[in-house]
Amino acid sequence: MVILGIETTCDETAAALVERTEDGRGRILANVVLSQINEHAEFGGVVPEIAARAHVEALDRVIAKAMSEAKVSFHSLDGVAAAAGPGLIGGVIVGLTMAKAIALTHGKPLIAVNHLEAHALTARLTDATPFPYHLFLASGGHTQILGVRGVGDYLRLGGTLDDAIGEAFDKTAKLLGLGYPGGPLVEKEAIRGDPERFALPRPMIGRPDADFSLSGLKTALRLEAEKIAPLADQDVADLCASFQQAVVDVVRDRLRAGLKLFRERLGAPTALVCAGGVAANQAIRKVLHRVAFEVGTSLVAPPPALCTDNGAMIAWAGAERLALGLTDSLATAPRARWPLEEVRKAEHRDAQSREAAVRNP
Ligand code: KG4
Ligand code: ZN
């Protein structure tokens with residue numbers, strides 16, 4: 001089956017075509033991502049109204065480009081998927097309405113995809129990772145540790161009590177005057193910095209749960225920066241390196257705790273999987289490799305371009321859902337808030353027969 005996927009929940013206008021073969025393998029036919037970074041940069045963060053208008057202006061073109069790169073027509077699609085939330089509601093409305101219009105016009109099924117589920121299932125597109133796996137999902141809006149038992153079947157093992165990890169990177173960058181988005185800029189500075197110069201806290205380390213709290217780290221960093229202001233170039237690099245090292249130490253400890261909870265509740269995971277924009281960070285990837293090795297599993301880390309927001313992950317999640325017979329009505333509402341626990345899952349016994357029906361209609 002070939003699915004069109006549309007992503008507009010934040011500041012990327014994206015569309016992709018993904019093919020899912022009968023054996024459950026995925027192949028990306030086209031993946032077009034138009035970033036709005038320049039439109040938001042002067043404000044130091046995403047401005048929802050600007051984002052929604054930019055999606056309206058760009059989405060037609062982005063979809064047309066993806067369709068022509070993949071050399072498919074609307075007529076030959078098997079389904080149309082769009083991120084229906086969670087995210088900035090103006091953008092979500094734009095993408096979901098477009099998907100509904102295409103689905104209605106061409107008589108195709110609509111799949112309203114949860115953006116977090118799309119991040120969670122990306123490892124199955126890139127690596128065909130079997131369930132159940134241990135997921136570390138870290139982006140600008142979310143930080144969660146999950147047991148992924150199946151499509152639509154998520155066990156939350158931990159999450160952030162305040163800031164998301166990507167948000168902490170973005171706030172650090174803003175504080176140090178580096179620009180937006182902060183993650184890649186902080187990572188770049190950290191390479192030439194001294195991670196031990198500033199003694200920053202490692203919040204939550206040692207606790208048996210798998211939760212995160214990052215607002216204290218951010219405050220500690222601000223106090224250190226204020227103490228030595230005005231900042232020289234090397235100060236900025238050292239602050240970035242110290243901050244990133246603290247995050248890496250926290251991630252290591254929280255993932256160890258998460259894996260312990262996973263084993264107690266679900267047995268051995270097939271893999272440790274990372275997803276979300278923060279998973280593009282090389283220092284974080286390195287520590288994930290180490291933790292996976294320690295517990296005798298492997299790390300599945302999709303390429304950075306598929307960790308940050310993109311249309312292929314939406315198309316793939318749509319394909320996985322369609323294969324299980326999980327389609328959505330044209331009356332489906334866009335959602336600003338949509339926890340993974342509220343995503344609909346297939347009834348297990350029915351799922352197999354539905355999948356067979358989709359394969360041999
Ligand atoms: O998944 P994503 O593209 O969008 C959301 O759904 O939030 O993640 C974007 C977030 C931003 O906060 C960005 O600063 C962070 O991921 N990020 C990084 C890196 N690249 C992106 N954080 C740390 N290091 C990076 N290299
Ligand atoms: Zn995302």
Side-chain angles (χ1 to χ4, degrees), residues 44-45 136-145 157-261 272 274 276-295 299:
F136 172 55
L137 169 60
S139 69
H142 304 274
T143 296
Q144 293 184 14
I145 293 180
L157 298 167
T160 184
L161 306 179
D162 39 59
D163 294 349
I165 298 182
E167 189 182 355
F169 270 93
D170 292 337
K171 286 178 176 168
T172 295
K174 195 170 185 178
L175 174 82
L176 300 176
L178 293 176
Y180 171 83
L185 301 168
V186 171
E187 180 177 15
K188 192 159 160 252
E189 288 293 320
I191 290 169
R192 56 180 193 89
D194 173 5
E196 287 172 15
R197 176 163 164 209
F198 299 97
L200 298 174
R202 269 68 171 157
M204 312 293 275
I205 277 195
R207 286 174 42 138
D209 59 53
D211 288 333
F212 293 78
S213 167
L214 294 152
S215 65
L217 175 56
K218 178 188 65 192
T219 308
L221 179 99
R222 180 171 53 76
L223 295 176
E224 292 291 346
E226 282 170 5
K227 259 192 246 164
I228 56 165
L231 302 176
D233 279 357
Q234 192 58 46
D235 296 330
V236 170
D238 292 345
L239 282 162
C240 287
S242 300
F243 166 80
Q244 185 172 277
Q245 187 58 48
V247 173
V248 162
D249 289 347
V250 167
V251 167
R252 182 193 296 118
D253 180 82
R254 304 292 69 210
L255 276 179
R256 282 180 180 153
L259 280 157
K260 191 158 175 285
L261 294 174
L272 167 61
C274 61
V278 176
N281 184 292
Q282 294 304 321
I284 290 178
R285 282 190 174 219
K286 215 159 124 193
V287 78
L288 296 181
H289 263 296
R290 219 169 292 150
V291 173
F293 180 75
E294 268 173 29
V295 300
L299 175 70

- Task: Kindly indicate whether the side chain of Leu185, heavy atoms from C-beta on, has any atom under 4.5 Å from the side chain of Phe169.
- Result: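 Contact flag for Leu185/Phe169 side chains = no.
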- Reported CG-to-CZ distance for the pair Leu214 and Phe243, which is rounded to 0.5 angstrom: 7.0 Å
- Which pair of non-hydrogen atoms, one from Ala173 and one from Gly179, has the smallest distance, and what is that distance?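 For Ala173 versus Gly179, the nearest heavy atoms are CB-O, 3.5 Å.
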- Item | Spacing of CZ belonging to Arg290 relative to CG belonging to Leu272, to within rounding of 0.5 Å |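 So the CZ of Arg290 and the CG of Leu272 are separated by 13.5 Å.
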- Message: Looking at every non-hydrogen atom in both residues, tell me the closest pair between Ser242 and Phe198 and how far apart they are.
- Response: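 Looking at all heavy atoms of both residues, the closest pair is OG-N, 3.3 Å.
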- Message: Using the rule side chain to side chain contact (heavy atoms under 4.5 Å, CB included), only one of Val247, Ile165, Leu137 pairs with Val278; which is it?
- Response: Ile165
- Sequence-distant partners of Ser213, side chain to side chain donor-acceptor pair (under 3.5 Å), two or more places apart: Asp162
- Message: Minimum heavy-atom separation for Pro201 and Gly216, please, with both atom names.
- Response: CG-O, 4.3 Å
- Any residue meeting side chain to side chain donor-acceptor pair (under 3.5 Å) with Gln245, in chain and number order, not counting sequence neighbours: Asp249
- Task: Search all heavy atoms of Asp163 against all heavy atoms of Ser215 and return the closest pair with its distance.
- Result: OD2-CA, 4.0 Å
- Atom CZ in Phe212, atom CD1 in Ile205: separation rounded to 0.5 Å?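 Result: 10.0 Å between the selected atoms.
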- Query: Which heavy-atom pair separates Thr143 from Ala164 by the least distance, and what is that distance?
  - Reply: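 Result for this residue pair: OG1-CA, 3.3 Å.
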- Query: So, for Ala225 and Leu176, which heavy atoms are closest and what is the spacing to 0.1 Å?
  - Reply: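 Reported closest heavy-atom pair: CB-CD2, 4.5 Å.
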- Item | side chain to side chain donor-acceptor pair (under 3.5 Å) partners for Glu226, two or more places apart | Arg222
- Message: For Leu217, is there any backbone N or O sitting under 3.5 Å from a side-chain donor or acceptor partner on Arg202?
- Response: no
- Derivation and outcome, side-chain contact (heavy atoms from CB on, under 4.5 Å), residues Leu161 and Met204: CA-CA 10 Å; Leu161 306 179; Met204 312 293 275; 3.6 Å; yes
- Query: Do side-chain atoms of Arg197 reach the backbone of Leu239 as a donor and acceptor pair under 3.5 angstrom?
  - Reply: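 Pair absent, no side-chain N/O of Arg197 close to backbone of Leu239.
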- Query: Tell me, do Ile284 and Cys274 make a side-chain contact under 4.5 Å, heavy atoms counted?
  - Reply: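 In short, these two side chains do not touch, never coming nearer than 4.5 Å.
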- If you measure from CG on Asp209 to CG on Leu261, what distance do you get to the nearest 0.5 Å?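 The distance works out to 8.0 Å.
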- Do the charged groups of Lys171 and Glu167 touch, with an N to O distance under 4.0 Å?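 Glu167 and Lys171: salt-bridged.
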- Query: Taking the side chain from Glu189 and the backbone from Val236, do they hold a donor-acceptor pair closer than 3.5 Å?
  - Reply: no
- Is there a side-chain contact between Arg192 and Asp233 (heavy atoms, below 4.5 Å)? yes
- Rounding to 0.5 Å, atoms CG (Asp194) and SG (Cys240) come to a distance of 12.5 Å
- Between Arg207 and Asp253, is there a side-chain N and carboxylate O pair less than 4.0 Å apart?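 So Arg207 does not pair with Asp253 through a salt bridge.
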- Query: Taking the side chain from Asp211 and the backbone from Gly159, do they hold a donor-acceptor pair closer than 3.5 Å?
  - Reply: yes
- Would you give the length of the straight line joining atom CD1 of Ile145 to atom OG1 of Thr160, rounded to the nearest 0.5 angstrom?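 One gets 10.5 Å once the value is rounded to the nearest 0.5 Å.
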